[in-house]
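Following: one structure in structure tokens, then a few remarks.
Here is how names work: the chains are called A, B, and so on, in the same order as the sequence lines, proteins then strands, and each is numbered from 1. Quick note: numbers below take in every heavy atom, side chains included, and nothing from hydrogens, waters or symmetry partners. Nothing here was measured: the structure is a model prediction, and the numbers come from that model.
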Number of protein chains: 2
Amino acid sequence: MILTYMYNTRSRHFRSREFGAVERFIEPCILLLLSKTPSHGYGLLADLATHCGEKVDIGDLYRTLRSMEMDGWVTSKWDEKQGGRNKRVYKITTDGREILKDAVASLRKTDNLIHHLFTGYQKVFPDAKIV
Amino acid sequence: MILTYMYNTRSRHFRSREFGAVERFIEPCILLLLSKTPSHGYGLLADLATHCGEKVDIGDLYRTLRSMEMDGWVTSKWDEKQGGRNKRVYKITTDGREILKDAVASLRKTDNLIHHLFTGYQKVFPDAKIV
DNA sequence: AATTATATATGATATTAACATATATGTACA
DNA sequence: TGTACATATATGTTAATATCATATATAATT
């Protein structure tokens, strides 16, 4: 079938002006936190806010933890000792530490790309103030 | 309705071991390249490979350019002068330059977060070699 | 008794990324 | 001449990820 191309096509979505969010940054952050000490979902929330940027969706966090467990990066068990609702406590595994190491290496490449862009930007706009 | 929570729920997808890709990094890269000189989709491809990482999907690139045009970050017109197929040449707008400035600021925050993770990693694993 | 904080989990949808294919023109070359 | 390849733009479809909302549960506070 011969088509005449129409101007655009894909239905228009909201175009965010946010840039620079790192894909799946939450996982390396979780692995690093669990490298220090075992913890549970809700407990990780505040620490992730500090290490991962402000916005960490709690639903996403729980699903990510389960998903990481399925891949063998962490293990979990219920902690029923304390008062309050039971907590599912996660521990990093040997595989998880390997993944973290790989993730750090990936992020170094990302860092290089970002700096490459900064350098290019400074070259094109030498008077631009560093915000 | 009272439910007993089932172990996990979300259907299992392939879990990539790739980390650190920056979301929508392609747009700041395009804007920087167009800050230097107007260009067309296919022509941007090689430059983006250098500045944006290896993998740039050509289909995504064309759609991104159209989408950026709809937002007024760039303008385009057909260039019919040359031999070969006509080219749609894109130029950055004043708005586009503002967006680029904001994107660079966003990426500086991202860069800080990544470095924060590096520092934390070095603290937990002081013997880790820098890959 | 109602609200808030802690705690885990799922439903539904929006957004983005990835892979594949269609269309179109010109050049090399066998 | 025909066919492979490079250039060039565009769309269809699906997979993966992010976001927003809601359900469940327990304990402390007001």
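Atom C1' of nucleotide C:dT16 and atom CZ of B:F25 are separated by 17 Å, given to the nearest angstrom. In this structure, B:E23 atom CD and C:dA18 atom C1' are separated by 15 Å, rounded to whole Å. Atom-to-atom, CG of B:L61 to P of D:dT9 comes out at 9 Å; the value is rounded to the nearest Å. Put simply, CH2 on B:W78 is 11 Å from P on C:dT25, counting in whole angstrom units. Rounded to whole Å, the distance from CZ on B:R66 to C1' on C:dT16 is 20 Å. In this structure, CG of B:D79 is placed 20 Å from P of C:dA24, rounded to the nearest angstrom. Put simply, CZ on B:R24 is 11 Å from P on C:dT15, counting in whole angstrom units. Taking atom CD of residue A:E80 and atom C1' of nucleotide C:dA7, one finds them 14 Å apart after rounding to whole Å.
Here A:K101 pairs with A:E98 under the salt bridge (Lys or Arg N to Asp or Glu O under 4.0 Å) rule; sequence neighbours left out. Applying the side chain to side chain contact (heavy atoms under 4.5 Å, CB included) criterion to A:K91, with sequence neighbours excluded, gives A:P38, A:T75. Under the side chain to side chain contact (heavy atoms under 4.5 Å, CB included) criterion, A:R97 pairs with A:I92, A:T94, B:F125, sequence neighbours left out. B:S39 meets the side-chain hydrogen bond (donor to acceptor under 3.5 Å, both in side chains) test with no other residue; sequence neighbours excluded. Every residue two or more places apart in sequence or in another chain was checked for a side-chain hydrogen bond (donor to acceptor under 3.5 Å, both in side chains) with B:H116, and none qualifies. Qualifying side chain to side chain contact (heavy atoms under 4.5 Å, CB included) partners for B:D57, counting only residues two or more places apart in sequence or in other chains: B:D60. Taking B:D95 as the reference, B:T93 meet the side chain to side chain contact (heavy atoms under 4.5 Å, CB included) condition, with sequence neighbours excluded.
Judged by distance alone, with hydrogens and angles left aside, the side-chain atoms of B:T110 form a donor-acceptor pair with the main-chain N or O of B:S106 at under 3.5 Å.
Looking at A:D111 and B:H115, their side chains do bring a donor and an acceptor atom within 3.5 Å of each other.
For the helix from C:dA1-D:dT30 to C:dA30-D:dT1, the terminal axes (five pairs an end, C1' atoms, rotation from four pairs onto the next four) enclose an angle of 10°, given to 10 degrees.
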Sub-3.5 Å pairs of nitrogen or oxygen atoms, protein against nucleotides 2-8 of chain D:
unit_1 : atom_1 : unit_2 : atom_2 : d
D:dT7  : OP2    : B:Y42  : OH     : 3.3
D:dA8  : OP1    : B:K87  : NZ     : 2.9
D:dA8  : N3     : B:R85  : NH1    : 2.6

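For B:R63, counting side-chain heavy atoms from C-beta on, the closest listed nucleotide (C:dG11, D:dT13, D:dT9) is D:dT13.
If you find the closest nucleotide of DNA chain D to A:D57 and to B:D57, the one lying nearer the 5' end belongs to B:D57.
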